[in-house]
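Each ligand, and each atom within it, is numbered from 1 in the order the structure gives.
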Amino acid sequence: MWTMPKMTFCLILLSYNALFAKAYLLPRADPPFQTVPETATTPDNHFNIPGVPQLKGKPADTSDPVPAVYGVRSVDIPFALLNYGNLKLFTPGQLNSPGSYTDVWAPGVDDYANQSACGIPDNAFWPSKVAIHPYWLKYAPANLGLSRYCMQDVCISVWNQDNDDYGAGDDVMLKVTDICSTNPADPTYCATPADIKIDRIKADLLFINERENLTAADNSSLENGAEYPEKVYWFFTKCWDDGLAQPAYNTTKNWFTNPALPNNQKWSEDTLTEQYQNNVAGYPAANLPPYADGAYAKGAKRQAAIFDYNKYWQIGDPDPKWCPVA
Ligand SMILES: *[C@@H]1O[C@H](CO)[C@@H](O)[C@H](O)[C@H]1NC(C)=O
Ligand SMILES: *[C@@H]1O[C@H](CO)[C@@H](O)[C@H](O)[C@H]1NC(C)=O
Ligand SMILES: *[C@@H]1O[C@H](CO)[C@@H](O)[C@H](O)[C@H]1NC(C)=O
Ligand SMILES: *[C@@H]1O[C@H](CO)[C@@H](O)[C@H](O)[C@H]1NC(C)=O
């Protein structure tokens, strides 16, 4: 949840960033980006018949063409960069309803843009929302900042640590919608760039095939803790499956689902690889750190691919400045 107050402050901040940011500018040959509004629209959500929420994804459609705005660019955020960090959990009640572990999916109910830094109502990506550490903002083009991460193609694939073979049932997809607090006074804060914060229902799904072997500490963290006791692997990826919006919100009236992104696994994997290769070539000129392709890596290769953020970030480094979207 973001707490930054005044829009005017944000406009000044954005102009400041545009003038002085060292971040890279975009070459003209790249496709345009998805349009993200600069101010909140009213109403801030649109949904169709509530229907049944999508919990574990939909059948993949590998044939639908994907709009150019979600395509590969000469340089982009670090797709396929692998992290190994803590799994923080949103406080019960932060998913719309005041209350419990089992927050109910109810489109249009307590459903506002101000629930996430991206200006995306929580119900739209229930329960797949993820908050990232502000460190990652330095990888966004200067004129976009947080907006780049809010676009519909930016997801995170998270894997529980026992799954070295990437078998079924031990990974989930998350949509970036928020920025983590970095304040240690908040028990759910992201202490390092490798930490992410997710909904506890989704965390429960991540361990669904291992429930009988979970410890008491694992179980109690899932129910009401601020952090899962064991670390997880995760990498930035192109969205598909349960990283897509709830079907009820898939309308062109919502900026965050416009234009529609088909559920296309092949596209996700192909563009991920292609974007990784472009980033390898483009990061030095953009002044960004090199990284290995950690997507779907196994065993020793996976261990070697983990991004060593300590080389580029220290505790106490100031967070990049950012403003909530919309
Ligand atoms: C979020 O927006 C809703 C609807 O405009 C408003 O009622 C609520 O108070 C806002 N919450 C915060 C934390 O600003
Ligand atoms: C639980 O642990 C036991 C003993 O290590 C193992 O045989 C079993 O396969 C595990 N169950 C699951 C669901 O992982
Ligand atoms: C954790 O919860 C699962 C059910 O979700 C149960 O099977 C398991 O025994 C619990 N672990 C402990 C140590 O109580
Ligand atoms: C979203 O809606 C569009 C237009 O109706 C449709 O083509 C697309 O398949 C839908 N996407 C998903 C993931 O449901």
Side-chain angles (χ1 to χ4, degrees), residues 1-7 10 34 39-67 69-70 90-91 93-98 107-126 128 152-153 155 159-165 167-171 173 175 177-178 181 204-216 218-219 230 238-268 323-326:
M1 297 287 275
W2 56 274
T3 49
M4 190 94 61
K6 299 269 184 291
M7 189 52 75
C10 279
Q34 184 188 16
T39 53
T41 48
T42 310
D44 54 23
N45 64 355
H46 293 270
F47 54 93
N48 302 318
I49 307 148
V52 179
Q54 153 213 324
L55 258 175
K56 291 198 74 185
K58 295 171 253 185
D61 185 338
T62 55
S63 60
D64 279 4
V66 174
V69 292
Y70 305 123
F90 278 101
T91 303
Q94 279 187 342
L95 189 68
N96 304 318
S97 57
V109 177
D110 297 334
D111 196 12
Y112 308 116
N114 61 14
Q115 285 162 331
S116 69
C118 281
I120 298 175
D122 281 348
N123 271 320
F125 286 95
W126 180 88
S128 297
Q152 203 179 191
D153 59 329
C155 274
W159 299 76
N160 75 37
Q161 82 170 333
D162 302 324
N163 178 13
D164 209 33
D165 293 328
D170 293 306
D171 67 291
M173 180 92 64
K175 170 71 190 87
T177 63
D178 218 338
S181 162
D204 198 43
L205 278 174
L206 182 59
F207 297 99
I208 201 162
N209 291 320
E210 282 156 53
R211 276 214 188 122
E212 63 186 59
N213 286 345
L214 296 189
T215 66
D218 294 341
N219 283 346
E230 289 149 39
K238 292 273 183 168
C239 305
W240 65 285
D241 205 27
D242 45 333
L244 299 178
Q246 288 292 337
Y249 289 79
N250 180 23
T251 142
T252 52
K253 291 179 187 161
N254 291 320
W255 70 263
F256 46 86
T257 50
N258 184 39
L261 178 58
N263 186 11
N264 191 329
Q265 177 180 6
K266 184 174 187 312
W267 164 81
S268 169
C323 283
V325 169

Return yes when at least one protein heavy atom is under 4.0 Å from [atom], and no when none is.
atom                    : answer
atom 5 (O) of ligand 2  : no
atom 14 (O) of ligand 2 : yes
atom 1 (C) of ligand 2  : yes

Item to check | ligand 2 versus Arg211: contacting region, heavy-atom distance under 4.0 Å | outcome: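 None of Arg211 does.
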Item to check | N or O pair under 3.5 Å between Glu210 and ligand 2 | outcome: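 No: no nitrogen or oxygen of Glu210 is under 3.5 Å from one in ligand 2.
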Item to check | Closest protein heavy atom (residue, atom, distance) for atom 10 (C) of ligand 2 | outcome: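 Among all protein heavy atoms, the one nearest atom 10 (C) of ligand 2 is Asn213 ND2, 2.4 Å.
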Are the side chain of [X] and the backbone N or O of [Y] linked by a donor-acceptor pair below 3.5 Å?
X      : Y      : value
Asp241 : Gly243 : no
Asp111 : Gly108 : yes
Tyr70  : Ala260 : no
Asn45  : Pro121 : no

Report yes if the side chains of [X] and [Y] come closer than 4.5 Å at any heavy-atom pair, otherwise no.
X      : Y      : result
Pro67  : Pro262 : yes
Leu261 : Trp267 : yes
Ile120 : Trp255 : yes

Checklist entry - What atoms of ligand 4 come within less than 4.0 Å of a heavy atom belonging to Leu244? => result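 So the atoms of ligand 4 that pass are 13 (C).
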Checklist entry - Less than 3.5 Å between some nitrogen or oxygen of Asn114 and one of ligand 1, yes or no? => result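 The answer is yes, given that Asn114 and ligand 1 share an N or O pair closer than 3.5 Å.
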Item to check | Heavy-atom proximity to atom 3 (C) of ligand 4, best of Asp64, Asn250, Asn258 | outcome: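 Answer by nearest heavy atom: Asn250.
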Checklist entry - Counting each atom of ligand 2 from 1 as listed, which ones have a heavy atom of Asn209 under 4.0 Å away? => result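 Taking each heavy atom of Asn209 in turn, ligand 2 has 13 (C) under 4.0 Å.
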